[in-house]
Amino acid sequence: MNRYPLLLLAGLALGLAAQPVPAAVSEQEARRLSSDLTPLGGERAGNTQPLSSPLAIPPWRGEGCRVPAADQPLLRIDAGNLAEYEADLPQGVAAMIRRYPDSFYLPVYRSRRTAAAPDWVYRNTAANAVRATLSERGVTGAFGGIPFPIPHGDAGDRGRQAMWNHLLRWRGVFMERQSSQLSVRAGGGYRRVSSRQSLYFPYYDERLDAERIGPRYLYYYSRILAPARLAGGAVLMYDTLDPARMPRQSWGYDVGRQRVRRAPEIAYDAVLAGSDGLRTVDDADLFNGALDKYRWRLLYPQPVERFIPYNNDFHIDLEREGQSLRRGHLNPAGTRWERHRVWVVEGRLREGERHIYSRRRFYIDEDSWQIAVADQYDLSGALWRVSLAYSKCYPQLPAVWTALDAYHDLREGRYHLRFTETSEPGGLLFPETLPDARDFLPSALPDRR
């Protein structure tokens with residue numbers, strides 16, 4: 001039994017590519033990042049629909065977090081018109097509508113391409129385009145930006161690059177977050193676990209560079225605050241750019257035994273206690289960790305248009321939980337969906353490997369490289385779980401990142417929420433004073449508060 005009940009991973013670990021990837025793109029190709037592509041690799045142009053249409057995708061103009069408060073839904077997609085719009089939905093989202101025909105629907109708003117980043121991230125991304133490589137050892141030559149803004153090679157190469165772009169996407173340098181995770185039962189009611197996390201990305205630390213970053217690109221710390229029987233338990237984790245030589249390192253603090261120990265089990269499909277069995281370690285962030293258990297490929301040569309959660313802002317009032325929590329899913333009235341282009345990447349379990357998911361399909365936002373929707377299939381090949389990242393634009397950075405992750409079990413009718421911003425104090429903060437590696441030592445686990 002796992003003695004470390006709250007392993008709220010940021011979901012940012014790097015994995016192993018199965019084969020060497022062709023050399024980085026040419027300087028001429030990289031110049032597209034200042035012409036027809038956005039600085040992070042999305043297509044600048046919109047689609048051909050009029051901007052007043054819910055099917056419209058506007059041009060990217062780098063305006064950042066501009067979402068008018070007066071925006072109203074332009075379209076509702078539900079069981080009544082699912083046949084008309086099913087081709088525009090991720091498969092798991094369509095399955096959610098079928099599973100809950102009387103209560104789950106998509107309120108579709110005008111698309112707002114709010115994804116942006118600082119200019120120095122744009123410059124680093126352009127440099128990565130011509131210098132970053134992906135091999136069996138890991139990622140080399142990348143720093144401070146999207147490693148592969150212009151995926152290249154065959155469908156397998158490009159699929160792995162897109163996954164690494166998600167793992168190394170821009171979300172700031174240092175953040176602290178106090179929030180809750182809720183496991184909602186099929187018949188109503190929930191279990192709640194509150195925690196505080198710190199995440200430091202030396203990969204995006206301007207005090208470093210590609211030569212001085214070292215092997216570690218993420219430091220992650222989490223401590224349980226409630227309930228009382230779990231309070232004080234803590235986890236520390238490092239992820240590296242060279243996972244073949246240095247895999248994920250992790251430690252746990254057992255508050256009952258008052259002991260720190262190595263915890264190598266924080267990986268792959270280990271079930272996270274506190275999630276009622278609804279979330280594995282590599283479900284966090286919709287996907288994190290090593291890529292080596294799956295064969296990856298892009299399903300389409302270019303991004304395709306889909307409706308996905310975007311520009312959401314959540315406050316779940318647990319005093320009036322019925323307004324936010326419905327049986328099987330969140331109250332759709334509080335969500336926002338938009339039409340965006342996504343890279344569709346599929347991973348199929350390699351022969352001889354073991355995992356509870358035989359196949360995984362990810363819909364990755366072209367502008368931010370964040371996975372917006374994940375479809376996950378059981379060992380018989382049936383769609384089993386659907387995960388949604390309700391993203392939000394954070395003007396402090398700026399960046400698009402998740403406001404709340406929701407994990408749904410289609411068979412059992414249960415779901416799990418991660419990063420719920422309840423009425424408790426805290427929330428997501430981006431401190432200006434940056435830490436360094438010495439602030440994330442295993443010896444500090446028992447004393448850090």
Taking the six-membered ring for Trp, are the ring centroids of [X] and [Y] within less than 6.0 Å of each other?
X    : Y    : value
W384 : Y357 : yes
H340 : F307 : no
Y238 : W251 : yes

Can you tell me if [X] and [Y] form a side-chain donor-acceptor pair at under 3.5 Å?
X    : Y    : answer
Y310 : D365 : yes
S179 : Q181 : no
H416 : S183 : yes
R192 : Y190 : no

Give a yes or no on whether the backbone of [Y] and the side-chain of [X] come within a donor-acceptor separation of less than 3.5 Å.
X    : Y    : answer
R341 : Q302 : no
N124 : W120 : yes
N331 : R326 : no
D282 : G289 : no
S111 : R339 : yes

Looking only at non-hydrogen atoms, find the nearest pair between [X] and [Y] and report the distance.
X    : Y    : answer
L208 : P202 : CD1-O, 3.7 Å
L33  : T125 : CD1-O, 4.3 Å
L278 : R385 : O-NH1, 3.7 Å
G214 : L241 : O-CD1, 4.1 Å
L74  : P54  : CB-CB, 3.9 Å
G92  : L383 : CA-CD2, 3.9 Å

Just verifying a value: how many Å separate [X] [atom1] and [Y] [atom2], rounded to the nearest 0.5 Å?
X    : Y    : atom1 : atom2 : answer
L82  : L106 : CG    : CG    : 9.0 Å
D285 : W401 : CG    : CH2   : 7.5 Å
R306 : W343 : CZ    : CH2   : 14.0 Å
D436 : R207 : CG    : CZ    : 6.0 Å
S194 : L225 : OG    : CG    : 6.5 Å
Q376 : L410 : CD    : CG    : 10.5 Å

*Could you check T38, D36, L37 and say which one makes a side-chain contact (heavy atoms from CB on, under 4.5 Å) with R44?*
T38
Could you tell me whether the side chain of [Y] reaches within less than 4.5 Å of the side chain of [X], counting heavy atoms only?
X    : Y    : result
E346 : R360 : no
E176 : R196 : no
T335 : L388 : no
E206 : L434 : no
L404 : T420 : yes
E86  : R98  : yes
I364 : Q370 : no
Q91  : Y363 : yes

_Working note: Q249 + M237, criterion side chain to side chain contact (heavy atoms under 4.5 Å, CB included); need CA distance, chi angles, decisive distance, verdict._
CA-CA 6 Å; Q249 298 171 285; M237 184 184 78; over 6 Å; no
*How are the rings of Y204 and W170 set to each other: parallel, tilted or perpendicular (split at 30° and 60°)?*
perpendicular
_In terms of relative ring orientation, are Y122 and W60 parallel, tilted or perpendicular, with 30° and 60° separating the classes?_
perpendicular
_Pair D378-R411, salt bridge (Lys or Arg N to Asp or Glu O under 4.0 Å): steps then yes or no_ = CA-CA 11 Å; D378 64 18; R411 291 202 295 251; 2.7 Å; yes
*Test R32 against E43 for salt bridge (Lys or Arg N to Asp or Glu O under 4.0 Å), laying out the working first.*
CA-CA 10 Å; R32 295 181 61 199; E43 184 178 345; over 6 Å; no
*side-chain contact (heavy atoms from CB on, under 4.5 Å) partners of A142, counting only residues at least two apart*: N128, A132, V139, P147, Y203
_Under the rule for side-chain contact (heavy atoms from CB on, under 4.5 Å), what residues qualify as partners of R76, not counting sequence neighbours?_
D78, Y105
*asked:* What verdict does the ring-ring contact (aromatic ring centres under 6.0 Å, His included) test give for F287 and W296, after you've listed the backbone C-alpha separation in whole Å, the side-chain angles of each residue and the deciding distance to 0.1 Å?
replied: CA-CA 13 Å; F287 180 82; W296 303 95; 5.6 Å; yes
*Please lay out, stage by stage, how L272 and T280 fare under the test side chain to side chain contact (heavy atoms under 4.5 Å, CB included).*
CA-CA 6 Å; L272 295 178; T280 64; over 6 Å; no
*Test salt bridge (Lys or Arg N to Asp or Glu O under 4.0 Å) on E412 and R185 and set out the steps.*
CA-CA 9 Å; E412 298 184 9; R185 305 180 186 95; over 6 Å; no
*Let me see the working for F362 and H166 under ring-ring contact (aromatic ring centres under 6.0 Å, His included), right down to the final yes or no.*
CA-CA 10 Å; F362 299 107; H166 164 76; 7.5 Å; no
_Quiz item: cation-pi between R177 and F419, 6.0 Å / 45°_ = yes
*Could you walk me through whether D239 and Y219 pass the side-chain hydrogen bond (donor to acceptor under 3.5 Å, both in side chains) check?*
CA-CA 7 Å; D239 280 334; Y219 294 85; over 6 Å; no
*asked:* Would N288 and R248 count as a side-chain hydrogen bond (donor to acceptor under 3.5 Å, both in side chains) here? Give the steps.
replied: CA-CA 11 Å; N288 76 94; R248 171 179 287 174; 2.7 Å; yes
_Under the criterion side chain to side chain contact (heavy atoms under 4.5 Å, CB included), I'd like the reasoning laid out for R112 against D71: C-alpha separation, chi angles, the key distance, then a yes or no._
CA-CA 10 Å; R112 307 282 182 179; D71 268 8; 2.8 Å; yes
*Worked verdict on F174 versus F201 for side chain to side chain contact (heavy atoms under 4.5 Å, CB included)*: CA-CA 6 Å; F174 178 48; F201 299 96; over 6 Å; no
_Trace of the ring-ring contact (aromatic ring centres under 6.0 Å, His included) decision for H329 with Y100_ = CA-CA 9 Å; H329 55 80; Y100 306 103; 5.2 Å; yes
*Report the residues that fulfil side-chain hydrogen bond (donor to acceptor under 3.5 Å, both in side chains) with R191, sequence neighbours left out, ordered by chain and then residue number.*
D276
